[in-house]
Amino acid sequence: MWIILGIIILLILFVIWSYNKLVRMRNQVKNAWSQIDVQLKRRHDLIPNLVETAKGYMMHERETLTKITEARSEAMKAGSVGEKAKAEGALTDAISKFLLVVENYPDLKANQNFLALQEELTSTENKIAFSRQNYNDQVLFLNNQIQMFPSNIIAQTFHFQEEEFFEIEEKSERETPKVSFTTPTT
Amino acid sequence: MWELISANKRKSVILFSIMGACLVLLGYFGGEAFAPGGGVYGLLLALVFWLIQSVIAFFMGDSVLLSSSQAQEINEWNHPKLFNIVEEMKIASGLEAMPKIYLINAEAPNAFATGRNPQKSAVAVTTGLLSKCNRDELQGVIAHEISHIMNRDILFMTFAAVMLGSVFLLSRLFLREMHFPSRSRRYTSKSSGGGQAQLIIFIVAIILAVIAPILAQILYFAISRKREYLADASGARLTRYPEGLASALEKIAFSEAELPSENKVTAPLYIVNPLKKGLNLSALTSTHPPILERVAILRSMGGGSGYLAYQNAFKKVTGKSSLLPASAMKDFTDVSAREPSREEEKSRKEKVRDIGDLLRAINNFGFILCACGLKIKMPPGFKNEKLSCPRCGREHEVPFVAMAAATAVAGDSVLPEKNRQEYQRKGHGWESFQCQCGRIMQLSPSFQGTHVRCNTCGSNIKIGNRSPHHGDTETLRKIGINPRSQASKH
Ligand SMILES: [Zn+2]
Ligand SMILES: [Zn+2]
C-alpha cells in the first residue's frame with residue numbers, strides 16, 4: 001500500500017520536473033530567437049551613420065553605398081519570414097562587400113569616427129552569428145529532450161513541438177554568405 | 001542545459017568530499033590527541049572554522065579579489081571593443097546577464113572571472129592582455145572566462161580553496177602544539193603509563209597532520225586543472241576558433257612581465273597561473289595544466305571546434321583517458337572551426353596610446369570624436385561648454401558640461417541628480433548625447449518618445465523636442481553625424 005503511494009508520488013514529481021525542464025528549454029529557444037532579432041535591428045540602426053561617414057571619402061564608390069542603403073530599406077520593409085531572409089541575406093552581402101572596399105581608403109580608415117562605427121558593425125555581424133549559434137544549440141537541447149525516453153511521453157502529452165534549426169546555406173564564395181531564415185513554430 | 005556541467009560536477013564533488021574528509025579526520029584526531037574525548041570538539045572546531053571562512057568568501061569573495069588586484073570597472077564607452085567581445089561571448093553562451101568588466105593596470109597579460117553565480121559575474125583583464133592580443137585572441141580568453149562562469153567553477157573553486165586553507169591551518173596549529181606543548185595538553189602528565197589507545201591516536205593524529213595538507217593540495221589541484229581543460233574546451237566551442245585561445249595562451253606564456261599583488265588563493269582563478277609561470281613544476285602540484293600542453297591540445301583539434309574534437313586532441317596530446325563522459329557529449333553535434341577574423345594589426349605605438357586613452361577614460365577624462373577623425377581629450381572637471389577641434393577647427397558642444405549647465409539653470413541643484421536629466425533635441429536626424437554616468441545615448445531619426453532610460457546607471461532622461469531655431473535636419477544629415485559624439489557644425 002505505502003509502496004504504491006510512494007511510487008505514485010515519485011511519478012508525479014517526475015512529471016512536474018520533466019514538464020518544467022521542457023518549459024525552461026522552450027523559453028530559452030524563444031530568448032535565443034529574440035536575441036537574433038535584436039541584433040538584426042541594431043544592424044539597421046548602424047547603417048545610416050556608416051554611410052554618412054564614409055560618403056565624404058568614398059567618392060568613387062557611390063554604387064556600393066547606394067546598394068547598402070537600398071538593402072537596408074528592403075530589409076526593414078520585409079514582412080514575411082521568406083522576404084526577411086532574402087533581404088537580410090542581401091544586406092549581409094552588401095556589408096561584406098563594403099568592408100572589403102574600405103581597405104582601399106586609408107584616410108577613411110584613419111578616421112576615429114569611422115573606426116568606432118566599423119567596430120560596432122563588425123561586432124554586430126559577430127553577434128548575429130553567435131546568437132544564431134546559441135539558438136541552434138538551444139533547439140538541439142529541446143529537440144533531444146522531446147525525442148528521448150522518458151521525457152518524450154511528457155512532451156507528447158503536453159504538446160511540446162520540435163523547433164527548426166536556423167540554417168545557413170553556404171555559397172561557394174566565402175565573401176557572400178547567403179542567410180536563410182526560419183522562425184520557431186511557437 | 002549543460003549536461004556536461006553536471007557530469008563533470010559529480011567527479012569534482014567526489015574529490016571535494018575527500019578533501020572534506022581530510023579536514024574532518026584531522027579535526028577529530030587532533031582533538032582526541034590533546035585530550036581523550038576531545039575529538040568531537042576538534043571536529044566541530046574544524047567545521048565551524050571552514051564554514052565561517054566559506055561564508056566570508058561567498059559574500060565578499062569577488063569584491064576582495066577585485067580590490068586586491070586594484071581592478072577598475074570599465075563601461076561600453078571606455079573600451080567598445082572589449083565590451084563588444086564580452087557581449088558576443090555572453091550571447092554565444094546564452095548567459096542571462098552581462099558580466100561586469102574590470103581592467104587591471106598591469107603589464108603582464110592575464111585575465112580572471114569572478115562572481116558567485118551567472119547572474120552576478122565579472123571578468124577582469126589586464127592592460128597587458130589588451131595591448132598584446134588581437135580580436136580573436138581576446139575573444140578566446142573571454143570565452144574561457146565566460147565558460148568558467150557558465151560552469152559555475154568560481155564558487156566551487158573558492159570553496160575548495162577555503163577548505164584547502166582550513167586543512168593547512170589546522171595541521172599547522174596541531175604540529176606547533178606538538179613542538180611547544182601548552183597547558184592544554186594535560187594528558188601527558190596524567191596518562192604517562194596508561195592508554196596504549198591514546199598513543200595510537202596520537203600517532204595517527206601526527207601522520208594525518210603531515211599527510212592531510214599534501215593530499216588536500218593534490219586533490220585541489222586535480223579539481224582545478226580539470227576545470228581549466230574544460231573551460232578551454234568550452235571556450236573553443238563558443239568562439240568556433242580554437243586558434244584564438246591557443247595563440248593568446250602562447251603570448252601569455254612567453255611574456256616576461258610578472259603580475260604584482262598576487263597570492264596563492266586567487267592564483268587558480270586566472271586564465272594562466274600568475275605565480276608559477278615559467279617554472280617546471282611537477283604535474284601534481286600545479287593548479288593549471290602546463291600552458292604549452294593546453295596550446296598543443298587546442299592546436300590538435302584538426303579543424304573542429306566542438307567537444308569531441310577537443311576530447312580527441314586531449315587524448316592524443318596527453319595520452320590520458322578521456323576528459324569528458326560520453327553521456328555529456330551526446331547533446332552536442334561537432335562543429336568545424338571558422339575562419340580568422342579580418343583585422344588590421346595595430347602598431348605597438350598605437351596600442352600603447354589606446355591603453356593610455358583607456359586609463360584616462362576610466363579616470364573621468366572626456367572624449368569627443370570630431371568629424372575630421374581626431375579624438376579630442378578633455379581632463380576631468382573640464383568647464384567650457386564649447387570646444388574647437390585643434391585639427392580642423394570645427395566647434396563642438398561638450399555634452400556633459402552643457403547638460404550640467406542646463407540643469408543648473410532649470411533651478412535644480414548644481415550637480416544633476418539621478419532622474420533629473422534632460423536632453424534637448426536639435427533635429428530629427430541621428431543624435432547622440434552623454435548620460436551623466438558617461439554612457440553615450442543614441443537617438444534614432446524615428447525616435448518619438450519623451451524619455452530614454454540609460455542601461456548603465458538606470459536614470460531616466462527626459463528628451464525635449466526640437467526647438468525651431470536650432471540646426472535643421474538637412475544640415476545635420478549633410479555633415480555626417482557620428483554615433484558617439486555631439487553633432488557638430490562647420
Ligand atoms: Zn581558467
Ligand atoms: Zn576635428
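Letters A, B, ... are given to chains in the order of the sequence lines, protein chains preceding strands, and every chain is numbered from 1.
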### Chi angles and distances behind the side-chain contact (heavy atoms from CB on, under 4.5 Å) call for B:Thr239, A:Gln133
CA-CA 10 Å; B:Thr239 55; A:Gln133 191 176 298; over 6 Å; no

### Query
Where is the tightest heavy-atom contact between A:Ser123 and B:Arg135, given as atom of each residue plus distance?
CB-NH2, 3.7 Å

### Summary
Correct closest heavy-atom pair for B:Ile91 and A:Phe130 would be CG2-C, 4.0 Å

### Query
What part of A:Gln39 is in contact with chain B, defined as an atom under 4.5 angstrom from a non-hydrogen atom: side chain, backbone, both or neither?
side chain

### Task
Kindly check if the number of other-residue, nucleotide or ligand heavy atoms within 6.0 Å of CD1 (A:Ile4) is above 12?
no

### Query
In this structure, are over 12 heavy atoms from other groups packed under 6.0 Å from A:Ile3 atom CD1?
no

Show every donor-acceptor pair shorter than 3.5 Å between a side-chain atom in residues 145-156 of chain A and any protein atom, with sequence neighbours excluded, or say none if there are none.
unit_1, atom_1, unit_2, atom_2, d
A:Gln147, NE2, A:Glu162, OE1, 3.2
A:Gln147, NE2, A:Glu162, OE2, 3.2
A:Ser151, OG, A:Gln145, O, 2.6
A:Ser151, OG, A:Met148, O, 3.0

### Task
Determine, for B:Lys81 against A:Glu120, whether the closest basic-nitrogen to carboxylate-oxygen distance falls under 4.0 angstrom.
no

### Message
For a side-chain contact (heavy atoms from CB on, under 4.5 Å) check, start with the C-alpha distance between A:Lys127 and B:Asn84, then their side-chain angles and the critical distance, and finish with the verdict.
### Response
CA-CA 9 Å; A:Lys127 283 169 195 163; B:Asn84 276 335; 3.0 Å; yes

#### Entry: Most contacts with chain A, counted as non-hydrogen pairs under 4.5 angstrom, among B:Glu87, B:Glu88, B:Gln139
B:Glu88

### Query
Under a 4.5 Å cut-off applied to non-hydrogen side-chain atoms, are A:Asn134 and B:Lys90 in contact?
no

### Query
When rounded to the nearest 0.5 angstrom, what is the spacing between NE2 in B:His79 and CD in A:Glu119?
8.5 Å

